[in-house]
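Beneath this line is the structure, given in structure tokens, with notes to follow.
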Amino acid sequence: MMENISKSFNGITVLDSVSFSVKKGEVHALMGGNGAGKSTLMKILTGVYSADQGDIFIDGKKVEIHNTDDARNNYISMIFQEFSLIPSLTVAQNIFLTRESKTSLGLLNDKQCIEETEKLLEELDVDIHPNDIVGNLGVGYWQMTEIAKALSQETKILVMDEPTSSLTQKETEILFSFIQRLKNKGYAIIYISHRMEEIFEICDRITVLRDGKFVATEECRNTDLDTVIQHIVGRDSNKAFEWKERPYSTDVTPVLEVKNLQAGSKVKDVSFKVFPGEILGIAGLMGSGRSETARAIFGIDAKEGGEILINGEQKTIKTAPDAIDAGLALIPEDRRMQGLILEHSVKENIILPILSKLKKGPVLDEAKANEMASHFVEKLRIKTDDIFKTSRLLSGGNQQKIVLAKWLANNPEILILDEPTIGVDIGAKTEIIDVIRELADSGKAIVVISSEFPELMALSDRVIAMHNGQVVKELRRTEIHSEEELQHAIQGN
Ligand SMILES: Nc1ncnc2c1ncn2[C@@H]1O[C@H](COP(=O)(O)OP(=O)(O)OP(=O)(O)O)[C@@H](O)[C@H]1O
Ligand SMILES: [Mg+2]
């Protein structure tokens with residue numbers, strides 16, 4: 001139990017006398033908009049930060065938690081929103097890295113550690129090997145490794161900060177059945193997520209924070225989605241996820257055409273077209289080759305075959321700058337690592353791709369740059385004290401929004417978005433969906449890769465389903481009547 005916890009950073013209060021409790025065998029959701037203070041509250045519980053005020057009780061006894069060792073000694077572990085893994089190490093090494101008794105490198109290569117990792121991965125039903133180098137794996141697998149890592153330590157209280165943000169439905173289900181088992185074993189689980197459907201599926205109680213303040217704790221079975229959304233945004237929710245038919249023509253030359261693309265082991269034979277003003281959705285399971293296709297188009301991964309045509313003209317795209325020259329922009333899935341310079345300010349990150357356009361002669365037009373940055377901060381509701389704040393100090397979801405803003409500001413001809421609303425709160429999701437639609441309305445071609453069916457259904461004019469490195473199905477939006485149909489399509493049948 002946490003009682004009257006307060007915390008401020010540089011004089012700015014981010015938690016204001018918040019109380020929160022979790023019971024044995026309970027899954028308790030901690031919810032709230034981006035920047036509400038969820039991660040900070042949990043970082044106080046896990047000893048990453050110290051509270052300015054307030055007390056923590058475990059089993060009715062007051063405890064002092066001032067560092068991560070204190071937390072471990074109280075059997076508290078956390079799956080962090082921003083990954084804590086070291087890319088150059090193997091899965092097994094990462095999992096056992098922080099274990100006090102086993103930190104000598106000799107032991108990290110130990111057979112026992114590999115065996116234990118294997119057992120954990122098996123329980124989680126993940127198809128990776130303990131000796132795989134983490135840096136070579138997709139983000140979904142990073143997340144699974146993080147989860148395995150947290151579970152490898154003796155734990156009573158487990159905090160999961162957006163554990164499913166990079167997982168597709170299938171992996172999410174596996175995780176949920178696992179959470180169910182942990183719950184039955186008497187673990188106390190604190191679950192942070194912006195995916196509303198999940199909360200009602202696995203949680204017993206919900207606590208909502210808004211702007212660092214406690215709003216409400218509700219029993220899940222006594223409340224409903226609308227009430228929770230209202231608590232989160234502090235006003236009535238507007239219908240966010242409705243598809244709108246938008247007129248565009250398919251009788252013209254496609255803006256982007258991909259023909260028989262082949263790259264690495266994940267992209268075997270991918271072909272599709274995107275027309276001006278069209279939003280094409282790509283659905284698929286983790287490992288189906290969705291993100292890899294985007295990376296290959298963009299020149300991050302080498303292509304082994306196939307053609308890319310832009311406005312009917314064949315283009316050679318070997319590097320990301322080639323892609324940008326050709327009018328492409330890619331908003332990558334692992335934005336925090338690929339898309340953001342954490343030590344730079346919000347403004348610097350947003351204007352980075354358009355520096356040359358913002359120059360008056362040799363110098364930067366500061367007024368114009370500030371205006372541009374402020375415009376996007378407002379438009380995407382990025383929660384920051386001002387545009388000069390260091391990006392590292394923003395909450396996870398707000399960092400995601402900066403990367404989105406950065407590519408939107410560049411106004412590309414063709415925009416590929418990989419999981420555009422990962423980690424973004426329910427209020428801002430609507431804004432982002434609107435911004436994407438606006439871009440399409442202005443004639444741009446948009447490709448959206450997403451694990452969230454409601455999002456795909458809200459945005460796409462057409463959906464292609466990928467399975468095992470190939471496009472297995474193509475559906476016009478008007479042909480899709482339910483999420484189950486999409487689920488079917490991505491299973492390759
Ligand atoms: N080390 C820090 N220094 C300064 N400000 C910080 C620091 N850590 C967090 N903040 C601020 O505290 C507020 C709460 O952040 P927190 O990460 O707890 O939000 P959150 O609820 O987890 O949001 P999200 O859903 O986006 O992850 C934000 O406004 C953030 O900018
Ligand atoms: Mg957070």
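FYI, the numbering just counts along the sequence from 1. Note that the coordinates shown come from a computational prediction; the quantities given were computed from them, not determined experimentally.
Between Leu15 and Ser6 the shortest side-chain heavy-atom distance does not fall below 4.5 Å. Residues Lys347 and Ile350 are not in side-chain contact: their nearest non-hydrogen atoms beyond the backbone lie 4.5 Å or more apart. Inter-residue side-chain proximity for Ile402 and Thr384 is flagged as unmet; no heavy-atom pair is nearer than 4.5 Å. For the pair Ile86/Asn94, a side-chain contact is recorded, criterion being any heavy-atom separation below 4.5 Å from C-beta on. Looking at heavy atoms from C-beta onward, Leu151 lies in side-chain contact with Leu158 at the 4.5 angstrom threshold. Residues Ile436 and Pro420 have side chains in contact (heavy-atom distance under 4.5 Å, counting atoms from C-beta outward). The closest side-chain heavy-atom distance from Ile5 to Ile56 is below 4.5 Å. Within the 4.5 Å cutoff, the side chain of Phe376 has no heavy atoms near those of the Leu404 side chain.
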Legend entry - Stepwise side-chain contact (heavy atoms from CB on, under 4.5 Å) test for Met160 and Glu146: CA-CA 10 Å; Met160 305 179 126; Glu146 277 283 339; over 6 Å; no

Inset, instruction - Test Thr68 against Val48 for side-chain contact (heavy atoms from CB on, under 4.5 Å), laying out the working first. - result: CA-CA 6 Å; Thr68 49; Val48 178; 4.2 Å; yes

Inset, instruction - Tell me, with the steps shown, if Leu408 and Leu415 meet side-chain contact (heavy atoms from CB on, under 4.5 Å). - result: CA-CA 9 Å; Leu408 293 174; Leu415 181 61; 3.8 Å; yes

Legend entry - CA sep, side-chain torsions, deciding dist, call: Ser193, Glu198, side chain to side chain donor-acceptor pair (under 3.5 Å): CA-CA 8 Å; Ser193 172; Glu198 296 187 349; 3.0 Å; yes

Inset, instruction - For Thr217 and Thr207, run side chain to side chain donor-acceptor pair (under 3.5 Å): C-alpha distance rounded to whole Å, both residues' side-chain angles, the deciding distance at 0.1 Å, then the answer. - result: CA-CA 4 Å; Thr217 297; Thr207 290; 2.8 Å; yes

Inset, instruction - Under the side-chain contact (heavy atoms from CB on, under 4.5 Å) rule, what do Gln491 and His467 come out as? Steps first, then yes or no, please. - result: CA-CA 7 Å; Gln491 239 108 32; His467 183 77; 5.6 Å; no

Legend entry - Evaluation steps, side chain to side chain donor-acceptor pair (under 3.5 Å), between Glu218 and Thr227: CA-CA 10 Å; Glu218 307 251 20; Thr227 313; 5.9 Å; no

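No donor-acceptor pair closer than 3.5 Å links the side chain of Asp204 to the backbone N or O of Glu26. For the pair Asn74 (side chain) and Ile76 (backbone), a donor-acceptor distance under 3.5 Å is absent. Of the possible donor and acceptor atoms, none in the side chain of Thr155 sits under 3.5 Å from a partner among the backbone N and O of Ile157. One N or O on the side chain of Asn349 and one on the backbone of Ile341 form a donor-acceptor pair closer than 3.5 Å. In this structure, Asp161 contributes its side chain and Ile192 its backbone to no donor-acceptor pair below 3.5 Å. In this structure a side-chain-to-backbone donor-acceptor pair under 3.5 Å is missing from Thr421 to Val424. A donor-acceptor pair is defined here as one N or O able to donate and one able to accept, closer than 3.5 Å; such a pair exists between the side chain of Gln399 and the backbone of Leu394. For the pair Lys38 (side chain) and Gly33 (backbone), a donor-acceptor distance under 3.5 Å is present. For Lys401 (side chain) and Arg381 (main-chain N/O), a donor-acceptor pair under 3.5 Å exists by modelled atom type. Between the side chain of Lys473 and the main chain of Ala489, no donor-acceptor pair closer than 3.5 Å is present.
Remark: Lys266 NZ to Asn468 CG distance equals 10.0 Å, nearest 0.5 Å. How far CG of Leu330 is from CH2 of Trp407: 7.5 Å, rounded to the nearest 0.5 Å. How far CZ of Arg221 is from SG of Cys203: 13.5 Å, rounded to the nearest 0.5 Å. If you take CG on Leu209 and CE on Met31, they are separated by 10.5 Å, rounding to the nearest 0.5 Å. Rounded to the nearest 0.5 Å, atoms CG (Leu459) and NZ (Lys244) are 10.5 Å apart. Put simply, CG on Leu85 and OG1 on Thr145 are 6.0 Å apart, with the number rounded to the nearest 0.5 Å.
More than 12 heavy atoms of other residues, nucleotides or ligands sit less than 6.0 Å from atom CZ of Phe178. Few gaps surround CZ on Arg181; more than 12 heavy atoms of other groups in view lie less than 6.0 Å from it. Counting heavy-atom neighbours within 6.0 Å of Glu378 CD, excluding the residue itself, gives a total of 12 or less.
Salt bridge Arg295/Asp418: absent, no basic N to carboxylate O contact under 4.0 Å. Between Asp386 and Lys389, no side-chain nitrogen of the basic residue sits less than 4.0 Å from a carboxylate oxygen of the acidic one, so the salt-bridge criterion is not met. The pair Lys379-Glu438 meets the salt-bridge criterion, since a charged nitrogen lies less than 4.0 angstrom from a carboxylate oxygen. Glu154 and Lys156 are not joined by a salt bridge, as no carboxylate oxygen comes within less than 4.0 angstrom of a charged side-chain nitrogen.
When all heavy atoms of Leu45 and Ala71 are compared, the closest pair comes out as O-CB, 4.0 Å. The two residues Ala283 and Val463 make their nearest non-hydrogen contact at CB-CG1, 4.2 Å. Shortest non-hydrogen contact noted between Ile65 and Ser50 is O-OG, 4.4 Å. Of all heavy-atom pairs between Pro87 and Trp142, the closest is CG-CH2, 3.8 Å. Between His129 and Leu121, the shortest heavy-atom distance links the atoms C-CD1, 4.3 Å. Cys113 approaches Thr117 most closely through the heavy-atom pair O-OG1, 2.7 Å.
Exactly one of Glu452, Glu162, Glu419 qualifies for a salt bridge (Lys or Arg N to Asp or Glu O under 4.0 Å) with Arg195. That residue is Glu452.
Shown here are the ring-ring contact (aromatic ring centres under 6.0 Å, His included) partners of Phe9, two or more places apart in sequence or in another chain: Tyr49.
Side chains of Asp52 and Ser8: a donor-acceptor N/O pair is present below 3.5 angstrom, by distance only.
Taking the six-membered ring for Trp and thresholds of 30 and 60 degrees, Phe20 and His28 have ring planes inclined between 30 and 60 degrees apart.
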